[in-house]
Amino acid sequence: MAEKIVITSGKGGVGKTTFTINLGLALAKKGKRVVLLDFDFGLNNLDVVSNVEHLVVFDLIDVLNNRCRTKQALIKSPYNENLFVLPTSHSLNKDIENKNFKDVIEDLDVLFDYVLIDCPAGIDKGFHRAVLNSDSAIVVTTAHLSSIRDADKVLSILKSYKLRRTFIVVNRYRGDLALQGVMFSLSDIENTLNEDIIGVIPEDDNFINGVVDIPNLDCVKAYKIICDNLLKNERKIYDCFKKYKGFFGSIRKELKKKIWKIKKLIIGLKI
Ligand code: ADP
Ligand code: MG
């Protein structure tokens, strides 16, 4: 049986889709059979971000409308033979019932070890549909106040679903800003949300292309740690401050600080 994990956040643009794909790849590399399921009808982009858009023949809407079988809509990822994508499109018929979704999840349940569900932003019908079809949740937040507040709201709603496991992931974290006291500390976030942080992913320009598959990159290491935490039920956290420790680290930190000050000055002048 697969563990069905909904990746949610409340706020849009915090990195849910990017997280779904890169966590899926990390799990697939560990030999787990993983399917990424796009439940974001309307703003669906899992196929684009995971680079399988050109391979789509059928999608989830076709499966729900009985135009094809679940297996026919699965796309093998070019990144790993254990990783599959079940994309969607934006024309969800209003009379499709939750029973149809349950049937799809049942089909995937026997084929995979993990079903990662990319949830739409917000706490409307689409959010509830995604959570209803999951047994665990990962709430993605950034260290910004608006994102943390939305994550808090989502966590309180999730409580009513009695999920097996619920975790927080802090995305786009900047160790240099946290050391300057400009960004919330991880313990502040954990205490505010009152839930375990299962991972921290640094801000990294490599995510511009969606999937990051370059070994030894810091962000890939961060995903590997989250993957191990999930598999072994551990709580190791990627060290976002390592780069700013020691002699060269302190130079890097000072340089970043100066750049930050100059940026603020320029913004101030523009206003
Ligand atoms: P969501 O699905 O929550 O709307 P996306 O996954 O589409 O968010 O990500 C929004 C943007 O943030 C994308 O441009 C993506 O490349 C970027 N992004 C996500 N994670 C990171 C990260 N760790 N570092 C830098 N950029 C990131
Ligand atoms: Mg998304």
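Order of appearance sets the numbers: ligands from 1, and atoms from 1 within every ligand.
Residues that satisfy the salt bridge (charged side-chain N to carboxylate O under 4.0 Å, His left out) test with Arg172, not counting sequence neighbours, are Glu203. With sequence neighbours left out, Phe84 forms a ring-ring contact (aromatic ring centres under 6.0 Å, His included) with Phe112.
Residues of the protein with a heavy atom under 4.0 Å from ligand 1 are Gly13, Val14, Gly15, Lys16, Thr17, Thr18, Asn171, Arg172, Ile201, Pro202, Glu203, Asp204, Phe207, listed by chain and number.
Protein atoms of type N/O/S that fall under 2.8 Å from the Mg ion (ligand 2) number 1 in this view.
Remark: side-chain polar atoms of Asp228 are not paired, donor with acceptor, to backbone N or O of Ile225 under 3.5 angstrom. Under the 3.5 Å distance criterion, the side-chain polar atoms of Arg33 are left unmatched by any main-chain donor or acceptor of Leu83. The backbone N or O of Thr18 sits less than 3.5 Å from a side-chain atom of Asn22, completing a donor-acceptor pair.
In this structure, Tyr238 has its ring center at least 6.0 angstrom away from the ring center of Tyr173.
The 12-atom threshold is not exceeded at NZ of Lys125, counting heavy atoms of other residues, nucleotides or ligands nearer than 6.0 Å.
Looking at Arg235 and Asp196, a side-chain N of the basic residue comes within less than 4.0 Å of a carboxylate O on the acidic one, giving a salt bridge. Checked for salt-bridge contact, Asp213 and Lys29 meet the test: a charged N lies under 4.0 Å from a carboxylate O.
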